Amino acid sequence: METQKEEDFVKPTFDPHSIEPELIQKIAYDALVWSSLHGLVVGERNSQRSGKVPGVAMVHAPFALLPMSFPESHWKQACEAAPIFNELVDRVSLDANFLQDSLSRTKKVDEFTSRLLDIHSKMLEMDKKEDIRLGLHRSDYMLDEQTKLLLQIELNTISSSFPGLSCLVSELHRMLLHQFREHLLLDPERVPRNNAVNGFAEVLAKAWTEYNNPRTVIMVVVQPEERNIGREAVAVIYFRAGYAPTDYPSELEWRARLLMEQSIAIKCPSISYHLAGTKKIQQELAKPGALERFLENKDDIAKVRKCFAGLWSLDDTHIMKDAIKRPGLYVMKPQREGGGNNIYGDDVKETILRLQRAGNEEDAAYILMQRIFPAVSPAILMRDGVSHRDQTISELGVYGAYLRNKERVIVNDNCGYLMRTKVSSSNEGGVAAGFAVLDSIYLV
Ligand code: ADP
Ligand code: MG
Ligand code: MG
């Protein structure tokens, strides 16, 4: 068998729908076997025992059969922006007045944000300082088709999901392109290696080292019933939960969060990092002159600003008028994480009109954002062992890791990526919610 030379990989973009059904079956079969062998699996939703008994009722994670084409220049842009966003979060987190002032109206109408701000206020009263600061972030983008701009959807500072599975999907795609190179003529090396999971683990370990007490542990706060604060001394607390109101069913959880924040453990994220990742702060940072408050380097400011889509607060009457007239061009977002919370289309108009009629301050719970329209591409989506052809849009997330101890920045890197591809007709498709699949990128 002859091996392909670099020049033989001729196709800059290719249409997976043009692949013969028999070949799809073969690729899908190998992909499913690989997924089972390498742990590209999740709990089977329909099984009662899934999630309760380890190793029982697993199914392959939903994934795209082949990687999605993505322009190399935009990929580089997203990677370069990651350390700047890390630094920005750190600077914003230190500006207590900016956080409190920006969220002051939201606080009045959003109970969850208000509780987070209360913890933040208590830390200010205590004059609590976080010397060692750890951020494991993910900045998400869509590539706007018309303007060809890579625009930020949001910046996650808490519980950035899928560092583990995203690495596996990249590996799966590299394997498939290698295995079927004679048929597909795609270069496996054009799927960037993904080190998100090792990168995150390494930085967690470095944070633990920085804490400098070998008798301590790293604690991970998880859903749904983790209330155990442990009998061991904790060096690092990683929040895989705590970002949603449902993670705090009673006062007990709020007390636990406060206790953790008061402790000298390194928090990932601290309450300030958590607040810096809210949609309201994203919108405030997009205002003219806001970035200059936190970053000095002009190039850095330009790189960050270039990623900002239109973002507005709902007291902007001019934009409100337009959003009522053309609601399809906007997305309305409350201060929530985890998907499924945004408002689209005619609901944008209805909600604005309702808020205006109410005439109270409830509008402060939301921000308004320009709707981004990525190019629609054909893809083959694998779910429950079955392949589906679909027209899709994609969202690229680039992970960022940040660790500093006082003035010493120990880590500030981009750290792997997550591509999510969803059926183009769905407004908001979480992978867990069943609309999106995990994907990787093929650089073109
Ligand atoms: P969450 O923190 O809940 O993930 P996001 O801001 O990421 O909130 O919104 C969830 C999803 O909604 C995104 O993954 C994306 O599919 C869609 N979405 C969000 N903002 C926009 C936008 N401005 N244009 C188009 N789609 C968007
Ligand atoms: Mg989010
Ligand atoms: Mg998101």
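Position 1 is the first residue of the sequence, and the numbers go up from there. All ligand and atom numbering here is 1-based and tracks the order in the structure. Just so it is clear, the structure is predicted and the values come from calculations on it, not from any experiment.
For ligand 1, the polar-atom distance check finds an N/O of Gly338 within less than 3.5 Å of one of the ligand's N/O atoms.
The atoms of ligand 1 that sit less than 4.0 Å from any heavy atom of Glu337 are 2 (O), 3 (O). Taking a cut-off of under 4.0 Å to the non-hydrogen atoms of Gly339, the atoms of ligand 1 that pass are 1 (P), 3 (O), 4 (O). Using a 4.0 Å cut-off to heavy atoms of Lys422, the atoms of ligand 1 that qualify are 16 (O). Those atoms of ligand 1 that come under 4.0 Å of a heavy atom in Tyr344, given as number and element, are 12 (O), 17 (C), 18 (N). Which parts of ligand 1 touch Arg336 is read off a 4.0 Å heavy-atom cut-off, strictly below it: atoms 2 (O). Set against the non-hydrogen atoms of Met369, the atoms of ligand 1 under 4.0 Å away are 23 (N).
Residue-level proximity to ligand 1 for Val331 is carried by the side chain, the only part with a heavy atom below 4.0 angstrom. At a heavy-atom distance under 4.0 Å, only side-chain atoms of Asn342, from C-beta outward, approach ligand 1. Residue Tyr243 does not touch ligand 1, judged by heavy-atom distances below 4.0 Å. Contacts of Lys279 with ligand 1, taken as heavy-atom pairs under 4.0 Å, involve the side chain alone. Residue-level proximity to ligand 1 for Gln370 is carried by the backbone, the only part with a heavy atom below 4.0 angstrom.
Distance check for Asp140 against the Mg ion (ligand 3): none of its N/O/S atoms falls below 2.8 Å.
Counting heavy-atom neighbours within 6.0 Å of Lys303 NZ, excluding the residue itself, gives a total above 12.
Considering only heavy atoms from C-beta on, Lys422 stays 4.5 Å or farther from Glu395 through its side chain.
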